[in-house]
Amino acid sequence: MKRKVGVLISGRGSNMMSLVEAARDPACPYEVALVASDKPDAPGLTFARDSGIPTFALSPKGIGKPAYEAEIDQALRVAGVDVVALAGYMRLLSDDFVAKWRGRIVNIHPSLLPKYKGLDTHARAIEAGDAEAGCSVHIVTEELDAGEVLGQARVPILPGDTPESLAARVLVEEHRLYPRTLAEFVQR
Ligand code: GRF
């Protein structure tokens with residue numbers, strides 16, 4: 001039985017696409033059962049719909065975070081989701097939501113955690129003079145970007161790198177790391 005993954009996105013969803021592409025392999029241990037977004041116009045939703053994946057989109061604006069999260073939770077449960085994968089999801093989940101899905105939410109973060117939690121990771125790595133940057137897949141807990149690291153990929157920082165050029169090279173590695181790490185995670 002394949003494990004069912006619900007992917008939460010806020011934007012272009014390129015990491016979600018890499019998860020969907022990997023799941024086309026019959027040997028992949030997970031399937032993407034739902035793509036949900038807090039941005040009803042997130043470009044990634046179009047890809048999901050075109051791929052025949054159920055989608056759910058709802059903005060918290062106007063209804064408030066508890067009601068919004070209750071709807072997301074309900075959509076995930078109706079879709080039979082076992083594991084929630086955050087992929088460029090730009091909202092902090094409440095402690096209550098994290099507790100409901102304890103140990104079953106993963107995220108991809110564009111730094112070598114525990115370095116550079118939060119935003120502007122690439123600029124901070126360049127500014128610090130680091131020799132390498134990268135990305136991490138980790139379990140989501142109540143504390144931002146602080147849960148168990150499940151996998152990492154490293155990318156050298158090159159002379160003349162800008163946050164944009166570095167982000168582009170890290171993103172290539174994100175697309176490799178996330179499907180591989182998620183496949184391992186759903187089997188453990
Ligand atoms: C990725 O760099 C991810 O690591 C970060 O936000 C970006 C999302 O990109 N959290 P996408 O929406 O998956 O294309």
Side-chain angles (χ1 to χ4, degrees), residues 5-24 28 30 32-51 53 55-60 72 83-93 97-98 101 105-127 130 132-158 161-185:
V5 172
V7 187
L8 300 192
I9 64 168
S10 294
R12 67 190 164 180
S14 72
N15 277 291
M16 173 272 294
M17 292 177 203
S18 72
L19 297 179
V20 169
E21 300 287 357
R24 292 192 214 279
C28 183
Y30 69 83
V32 178
L34 182 73
V35 174
S37 181
D38 60 319
K39 297 259 165 53
D41 57 354
L45 288 172
T46 307
F47 170 88
R49 283 188 203 107
D50 291 348
S51 304
I53 297 167
T55 60
F56 179 82
L58 177 70
S59 169
I72 293 277
V83 170
V84 178
L86 309 185
Y89 181 69
M90 298 309 286
R91 247 165 232 289
L92 288 175
L93 294 168
F97 189 94
V98 171
W101 292 87
I105 311 174
V106 296
N107 179 42
I108 186 149
H109 181 75
S111 80
L112 294 171
L113 291 172
K115 278 188 153 186
Y116 313 126
K117 297 169 181 172
L119 298 174
D120 301 324
T121 54
H122 305 302
R124 288 155 70 200
I126 292 170
E127 177 71 17
D130 291 358
E132 57 180 10
C135 48
S136 307
V137 175
H138 66 95
I139 293 182
V140 172
T141 62
E142 285 83 351
E143 202 183 329
L144 180 69
D145 299 331
E148 178 192 350
V149 172
L150 302 169
Q152 290 185 317
R154 293 168 184 276
V155 171
I157 297 181
L158 305 178
D161 250 338
T162 62
E164 292 72 28
S165 65
L166 179 56
R169 289 206 313 287
V170 172
L171 192 61
V172 173
E173 294 306 321
E174 291 180 36
H175 296 161
R176 293 188 182 127
L177 178 71
Y178 209 176
R180 190 173 76 223
T181 311
L182 183 61
E184 285 166 12
F185 179 70

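Just follow the structure's listing: the first ligand is 1, and inside any ligand the first atom is 1.
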Query raised in the report: For ligand 1, which atoms, with element, lie under 4.0 Å from some heavy atom of E174?
Result: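 Checking each atom against E174, I get 1 (C), 2 (O), 3 (C), 4 (O).
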Query - Contact (N/O only, under 3.5 Å) between S14 and ligand 1 - result: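 So ligand 1 has an N or O lying under 3.5 Å from an N or O of S14.
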Query raised in the report: Of all the non-hydrogen atoms in the protein, which one sits nearest to atom 7 (C) of ligand 1, and at what distance?
Result: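 Of every protein heavy atom, R12 NH2, 4.0 Å lies nearest to atom 7 (C) of ligand 1.
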Requested in this report: Note the single closest protein heavy atom to atom 5 (C) of ligand 1, along with its residue, its atom name and the distance in Å.
Outcome: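 I find the closest protein heavy atom is P110 CD, 4.0 Å.
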Query raised in the report: R91 versus P60: any side-chain heavy-atom pair under 4.5 Å?
Result: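 In short, these two side chains touch, coming nearer than 4.5 Å.
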Query raised in the report: Is the side chain of T121 donor-acceptor paired with the backbone N or O of P110 at a distance under 3.5 Å, no angle test?
Result: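 Judged by distance alone, yes, a pair lies under 3.5 Å.
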Query raised in the report: Can you tell me which residue and heavy atom of the protein come closest to atom 8 (C) of ligand 1, and the distance to 0.1 Å?
Result: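 The closest heavy atom on the protein side is G88 CA, 3.5 Å.
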Report task. Can you pull out the closest protein heavy atom to atom 10 (N) of ligand 1? Residue, atom name and distance to 0.1 Å, please. Result ->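 Nearest protein contact, heavy atoms only, for atom 10 (N) of ligand 1 is I108 O, 3.6 Å.
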Requested in this report: Indicate yes or no: does an N/O atom of G13 lie under 3.5 Å from an N/O atom of ligand 1?
Outcome: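 By distance alone, the answer is yes.
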**Report entry** Partner residues of S14 under the side-chain hydrogen bond (donor to acceptor under 3.5 Å, both in side chains) criterion, sequence neighbours left out
**Finding:**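 With sequence neighbours excluded, S14 shows a side-chain hydrogen bond (donor to acceptor under 3.5 Å, both in side chains) to H175, given in chain and number order.
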Query raised in the report: Donor-acceptor pair, T181 side chain versus L177 backbone, under 3.5 Å?
Result: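 Side chain of T181 to backbone of L177, a donor-acceptor pair under 3.5 Å: yes, one is there.
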Query raised in the report: Just by modelled atom types, is the A36 backbone N or O under 3.5 Å from a matching donor or acceptor in the Y89 side chain?
Result: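 No, the answer is negative, given that no donor and acceptor are paired below the 3.5 Å cut-off.
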